[in-house]
Engineer: 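Please see the structure below; I have some questions.
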Amino acid sequence: QVQLVESGGGLVQPGGSLRLSCAASGDTFSSYDMAWFRQAPGKEREFVVGVTWSGSEYYADSAKGRFSISRDYTKGTVYLQMDSLKAEDTAVYYCAAGTVAAKTPQEYDYWGQGTQVTVSS
């Protein structure tokens, strides 16, 4: 079992930056592939970026060049750095843990409660 808690969401202006954190507790953090998904109102949950248990990153096309992911094994935390934010990035952002480095939510076993990101002037 893994418990995930996201933080760092909020209101940011277009072009601004935000860093989200996902703190994991419970089972061995280093054994899991970790990913960030997001879900806007009326839309399906979509993959943003992930990092494997060994540190390899994988991105959605929409995130390349603007978003980056990192993980701190000592703190059991995954970070999502978001730059050059756009209004269409507005969504609830979720952290997920699983054993397959996939881009579909069904492959992930554990989820956080989500944190709201709103990009607006």
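Excluded from the calculations below are hydrogen atoms, water molecules and symmetry mates; all remaining heavy atoms, backbone and side chain alike, are included. Along the sequence shown, residues are numbered consecutively beginning with 1.
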Engineer: Take Lys64 and Asp61, measure what salt bridge (Lys or Arg N to Asp or Glu O under 4.0 Å) needs, and give me the verdict at the end.
Structural biologist: CA-CA 5 Å; Lys64 290 179 181 178; Asp61 289 342; 3.3 Å; yes
Engineer: Donor-acceptor check, side chain of Tyr59 to backbone of Gly65, threshold 3.5 angstrom: yes or no?
Structural biologist: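 Not confirmed, Tyr59 side chain does not pair with Gly65 backbone.
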Engineer: Would you compute the distance between atom OG1 of Thr77 and atom CG of Leu20 and round it to the nearest 0.5 angstrom?
Structural biologist: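 Nearest 0.5 Å value for the OG1-CG distance: 12.5 Å.
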Engineer: Can you tell me if Thr118 and Ser120 form a side-chain donor-acceptor pair at under 3.5 Å?
Structural biologist: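 Distance-only check fails for Thr118 and Ser120.
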Engineer: Taking a hydrophobic cluster as the set of Ile, Leu, Val, Met, Phe, Trp and Tyr residues connected by side-chain heavy atoms closer than 4.5 Å, whether directly or through intermediates, do Val119 and Val92 fall within one such cluster?
Structural biologist: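 Not linked; separate clusters.
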Engineer: Less than 6.0 angstrom from the centroid, inside 45 degrees of the normal: does Arg45 satisfy that with respect to the ring of Phe37?
Structural biologist: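 The answer is no; the distance or angle limit is not met.
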Engineer: Which atom pair, heavy atoms only, marks the closest approach of Ser121 to Pro14?
Structural biologist: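 Closest approach of Ser121 to Pro14, heavy atoms only: N-CD, 3.7 Å.
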Engineer: When hydrophobic residues are tied together by side-chain contacts of less than 4.5 Å, even through go-betweens, does Trp111 share a cluster with Met34?
Structural biologist: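 Each belongs to a different hydrophobic cluster.
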Engineer: Looking at Gln1, I'd like to know if its CD atom is crowded, meaning that more than 12 non-hydrogen atoms belonging to other residues, nucleotides or ligands lie closer than 6.0 Å.
Structural biologist: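 Not more than 12 within 6.0 Å, no.
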Engineer: With a 4.5 Å cut-off on side-chain heavy-atom distances among I, L, V, M, F, W and Y, is there a chain of contacts connecting Val78 to Val117?
Structural biologist: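 Looking at the clustering, Val117 is in the same group as Val78.
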Engineer: Kindly compute the distance separating CG (Leu4) from OH (Tyr32), expressed to the nearest 0.5 Å.
Structural biologist: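 One gets 9.5 Å once the value is rounded to the nearest 0.5 Å.
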Engineer: Would you check if Thr74 and Phe29 make a side-chain contact, meaning some heavy-atom pair closer than 4.5 Å?
Structural biologist: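 No, every pair of side-chain atoms sits at 4.5 Å or beyond.
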Engineer: Going by side-chain contact (heavy atoms from CB on, under 4.5 Å), Tyr58 matches just one of Val49, Asp33, Ile69. Which one?
Structural biologist: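 For Tyr58, the side-chain contact (heavy atoms from CB on, under 4.5 Å) test succeeds with only one of Val49, Asp33, Ile69, which is Asp33.
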Engineer: Would Arg66 and Met82 count as a side chain to side chain contact (heavy atoms under 4.5 Å, CB included) if you check the C-alpha gap in whole Å, the side-chain angles of each, and the deciding distance to 0.1 Å?
Structural biologist: CA-CA 6 Å; Arg66 298 192 301 126; Met82 302 185 292; over 6 Å; no
Engineer: Look only at the side chain of Glu6 and the backbone of Gln113, and say whether a donor-acceptor pair between them is shorter than 3.5 Å.
Structural biologist: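 Confirmed, Glu6 side chain pairs with Gln113 backbone.
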Engineer: Could you tell me if the side chain of Trp36 sits less than 4.5 Å from the side chain of Cys95, heavy atoms only?
Structural biologist: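 In short, these two side chains touch, coming nearer than 4.5 Å.
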Engineer: In Å, rounded to the nearest 0.5 Å, how long is the span from CG of Leu80 to OG of Ser21?
Structural biologist: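 If we round to the nearest 0.5 Å, Leu80:CG and Ser21:OG are 9.5 Å apart.
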Engineer: Of all heavy-atom pairs between Arg38 and Ser62, which one has the smallest distance, and what is that distance?
Structural biologist: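 Closest pair (atom of Arg38, atom of Ser62, distance): NH2-OG, 4.0 Å.
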Engineer: May I ask you to decide if Glu46's main-chain N or O and Lys103's side chain share a donor-acceptor pair within less than 3.5 Å?
Structural biologist: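 Here the side-chain-to-backbone pair does not exist.
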Engineer: Supply the atom-to-atom distance Ser17 OG to Phe67 CZ, rounded to the nearest 0.5 angstrom.
Structural biologist: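 Going from the OG atom of Ser17 to the CZ atom of Phe67 covers 9.5 Å.
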Engineer: Kindly compute the distance separating OH (Tyr73) from OG1 (Thr28), expressed to the nearest 0.5 Å.
Structural biologist: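 Atom-to-atom, Tyr73:OH and Thr28:OG1 are 12.5 Å apart.
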Engineer: Using side-chain heavy atoms (C-beta onward) and a distance below 4.5 Å, is Tyr94 in contact with Cys22?
Structural biologist: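 They are not in contact (no side-chain heavy atoms under 4.5 Å apart), so the answer is no.
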Engineer: Could you verify whether a donor N or O on one side chain and an acceptor N or O on the other, from Tyr79 and Gln81, lie under 3.5 Å apart?
Structural biologist: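 There is no such pair (donor and acceptor under 3.5 Å, judged by atom type) between the side chains of Tyr79 and Gln81.
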Engineer: If you draw a 6.0 Å radius around CH2 in Trp53, do more than 12 non-hydrogen atoms from other residues or ligands fall strictly inside?
Structural biologist: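 Counting neighbours around CH2 of Trp53, 12 or fewer heavy atoms of other residues, nucleotides or ligands fall under 6.0 Å, so no.
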Engineer: More than 12 heavy atoms of other residues, nucleotides or ligands under 6.0 Å from CD of Glu44: yes or no?
Structural biologist: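 Incorrect, the count does not exceed 12.
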Engineer: I need the minimum non-hydrogen distance between Phe47 and Ala35, along with the two atoms involved.
Structural biologist: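 Between these two residues, the closest heavy atoms are CE1-CB, 4.1 Å.
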Engineer: If you apply the rule side chain to side chain contact (heavy atoms under 4.5 Å, CB included), what do you find for Thr90 with Gln116, and how did you get there?
Structural biologist: CA-CA 8 Å; Thr90 295; Gln116 176 70 46; 4.0 Å; yes
Engineer: Mind listing the closest non-hydrogen atom pair of Ser30 and Arg71 along with its distance?
Structural biologist: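 Taking Ser30 first and Arg71 second, the nearest heavy atoms are CA-NH2, 4.0 Å.
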